[in-house]
Visitor: 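Have a look at the structure that comes next, please.
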Amino acid sequence: MKINNFFENFLKKETFFVSRAVLSSSYKPDQILYREEQIQELANILAPALRKEKPSNVFIYGKTGTGKTLSVKHIVSSMNEIAKNNQIYLKTVYINCKLKKVADTEYRLIAQLIKEFGKEVPPTGLPTDEVYNIFYELLDAQEGTVILILDEIDQLTKKIGDEIFYNLTRVNAELKKSQICLIGISNSLVFSENLDPRVKSSLSEEEIIFPPYNALQIQDILRKRSIEAFKDGSVKPGVIEKCAAYAAREHGDVRRAIDLLRVSGEVAERSGSLFVEISHLDEAERKVEADKIINAAISQPKQFQAVLYAILLISPQKKKFFTGEIYEIYTTICNKCKFNVLTQRRISDILAEFDMLGFINAEIVSKGRYGRTREVSMPLDENITLKLKEILEKSIHLD
DNA sequence: AGTCCACAGGAAGGGCAGGCGA
DNA sequence: TCGCCTGCCCTTCCTGTGGACT
């Protein structure tokens with residue numbers, strides 16, 4: 001019973017994790033550092049809800065990992081508590097628009113909202129009007145305020161346009177007893193520029209911007225978390241600083257920094273070390289990076305994967321190669337796998353896309369007499385490309 | 001100076017899936 | 001349920017182009 005021994009040892013092993021959950025993305029700290037200003041501003045805007053007055057609609061901008069969602073949830077939960085203690089009706093609904101099957105269509109979104117109120121509508125079949133009516137009724141059932149938080153709202157407009165906001169912002173006119181307040185959270189800073197001007201003015205009565213954290217702020221946040229997550233002194237000096245530096249380079253994404261710290265801890269734990277050292281962080285960085293690339297590759301369509309596979313076949317033999325060579329290999333792969341062979345024109349576009357995604361480095365060069373073409377090189381290191389090749393082989397051949 | 005390679009990349013349109021209103 | 005519309009993927013056709021070669 002070797003495996004039992006393994007688990008026994010696993011239990012006995014000293015671990016420096018006190019609480020892994022503190023470093024998970026779902027953890028809610030009781031204090032949010034460096035966001036006091038934004039939190040206060042948002043609190044000022046939302047406070048009227050507690051006096052049964054309608055708060056302004058708010059629009060919140062900021063890149064990923066700048067604490068937008070966390071801050072909003074923080075405020076909302078403390079408002080809920082106060083409302084409860086004072087017998088004020090306040091309902092908050094949080095919806096992440098990025099989730100599939102929740103916000104693919106206007107109908108689904110409204111259906112999801114209805115579900116949040118504890119009622120079900122059939123997943124399809126009713127006219128959209130009808131669903132809106134049910135929603136209005138539910139809203140108006142209680143005298144008070146409903147705060148509707150739409151996270152990753154830019155994803156929603158990408159999918160279903162901005163008409164839905166027009167409908168939602170006009171809801172208040174339909175309501176007699178209650179009122180609704182919209183909070184839109186967007187990762188994109190230019191999001192509202194593409195909105196219908198009418199929607200824009202009513203949706204973003206107030207705007208709050210969450211700037212990226214700088215490296216020092218990320219350090220403080222990481223330090224605070226690591227005190228709770230790890231045993232005293234188990235994180236070697238320099239680790240937090242380097243971790244923060246990585247994340248600051250990626251436009252101040254604190255979520256990434258925390259992820260990285262957690263993975264570093266896991267790497268260290270697995271290697272049997274009693275401390276988290278810089279070498280563990282480096283390995284974690286590679287791992288996180290590799291996962292990102294591989295996940296991106298998996299989610300590509302088959303044709304894209306075939307092209308990528310062609311590139312992986314050439315890249316060990318040549319440092320630099322060209323569109324024509326890739327296309328040639330690609331066609332043989334297609335023949336083997338019985339795929340349609342796309343035109344070179346299309347492959348050219350796919351290569352341009354790969355360049356943007358970071359799978360390849362591409363540059364347009366002229367070889368004089370021998371034409372103008374993309375010069376492609378492989379920026380990923382070998383252990384990633386090998387793994388990628390393996391995964392793509394399965395993905396392409398099994399079809 | 002002119003040629004010409006091997007593509008880049010724009011424009012237009014075909015074909016298809018999915019959503020929508022009637 | 002049906003036709004219509006839209007967006008996406010892809011093809012066809014095309015013009016444009018930097019620089020080695022003649």
Visitor: Would a distance-only check, ignoring hydrogens and angles, find a side-chain to backbone donor-acceptor pair under 3.5 Å from A:Asn86 to A:Ile88?
Guide: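 A pair under 3.5 Å: no.
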Visitor: Whether A:Gln303 contacts C:dC9 is assessed here as follows: a side-chain N or O lying under 4.0 Å from the phosphate OP1 or OP2. Is that the case?
Guide: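 Looking at the OP1 and OP2 atoms of C:dC9, neither is under 4.0 Å from any side-chain N or O of A:Gln303.
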Visitor: Enumerate the salt bridge (Lys or Arg N to Asp or Glu O under 4.0 Å) contacts for residues 307-323 of chain A, please, sequence neighbours excluded, ordered by first and then second residue.
Guide: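 Sorted pair list: A:Lys318-A:Glu325, A:Lys320-A:Glu375.
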Visitor: Taking only N and O in the side chain of A:Arg374, is any of them less than 4.0 Å away from OP1 or OP2 of B:dC7?
Guide: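 So the side-chain polar atoms of A:Arg374 never come under 4.0 Å of the phosphate oxygens OP1 or OP2 of B:dC7.
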Visitor: For atom CD of A:Gln317, decide whether the heavy atoms of other residues, nucleotides or ligands shown that lie under 6.0 angstrom number more than 12.
Guide: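 Yes, the 6.0 Å shell around CD holds more than 12 heavy atoms from other groups.
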Visitor: Which heavy atom in A:Thr385 sits nearest to a heavy atom in A:Met378, and how many Å separate them?
Guide: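 Smallest heavy-atom distance, with atoms named: CG2-SD, 3.9 Å.
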Visitor: Whole angstrom is fine here: how far is it from CG in A:Asn340 over to P in B:dC16?
Guide: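 In whole Å, B:dC16 P and A:Asn340 CG are 12 Å from each other.
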Visitor: Does A:Arg262 form a side-chain hydrogen bond (donor to acceptor under 3.5 Å, both in side chains) with A:Ser24? I'd like the steps, not just the answer.
Guide: CA-CA 8 Å; A:Arg262 193 195 60 245; A:Ser24 79; over 6 Å; no
Visitor: Strictly below 4.0 Å, heavy-atom distances to any atom of DNA chain B: list the hits from residues 359-371 of chain A, or just say none.
Guide: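 Under 4.0 Å from DNA chain B: A:Ile364, A:Gly368, A:Arg369, A:Tyr370, A:Gly371.
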Visitor: Write down the distance between CZ (A:Arg346) and P (B:dG9), rounded to a whole number of angstrom.
Guide: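 Answer to the nearest Å: 14 Å.
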Visitor: May I have the distance from A:Asp349 (atom CG) to C:dT11 (atom P), rounded to whole angstrom?
Guide: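 Nearest whole value for this atom pair: 10 Å.
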Visitor: Rounding to an integer number of Å, can you tell me how far A:Tyr327 OH sits from C:dT11 C1'?
Guide: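 It is 11 Å, rounded to the nearest whole Å.
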Visitor: Assess whether one donor atom and one acceptor atom, taken from the side chain of A:Arg372 and the base of C:dT17, lie less than 3.5 Å apart.
Guide: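 When only heavy-atom distances are counted, A:Arg372 does reach the base of C:dT17 through a donor-acceptor pair under 3.5 Å.
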Visitor: Examine C:dT12: is either OP1 or OP2 under 4.0 Å from a nitrogen or oxygen in the side chain of A:Thr343? Give yes or no.
Guide: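 For C:dT12, neither OP1 nor OP2 has a side-chain N or O of A:Thr343 closer than 4.0 Å.
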Visitor: So, is A:Thr323 close to the B:dC7 phosphate, meaning a side-chain N or O under 4.0 Å from OP1 or OP2?
Guide: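 No, outside the criterion.
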Visitor: For A:Ile326 and B:dA8, what is the distance between atoms CD1 and P respectively, to the nearest whole Å?
Guide: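 Going from A:Ile326 (CD1) to B:dA8 (P), I get 9 Å.
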Visitor: Could you check whether any side-chain N or O of A:Glu206 sits under 3.5 Å from a backbone N or O of A:Ile45, counting only pairs where one atom can act as donor and the other as acceptor?
Guide: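 Between the backbone of A:Ile45 and the side chain of A:Glu206 there is no qualifying donor-acceptor contact (under 3.5 Å).
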Visitor: Round to a whole Å and report the spacing from CZ of A:Arg345 to P of B:dA6.
Guide: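 My rounded result for the distance is 19 Å.
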Visitor: If only atom types and distance count, is the side chain of A:Glu152 paired as donor or acceptor with the main-chain N or O of A:Ile95 below 3.5 Å?
Guide: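 Not a single qualifying donor-acceptor pair exists.
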Visitor: Quickly work out the A:Leu342 CG to B:dG15 P distance and round it to whole Å.
Guide: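 My rounded result for the distance is 17 Å.
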Visitor: Send over the distance from A:Gln344 CD to C:dC14 P, rounded to a whole Å.
Guide: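 For the pair A:Gln344 CD and C:dC14 P, the rounded distance is 18 Å.
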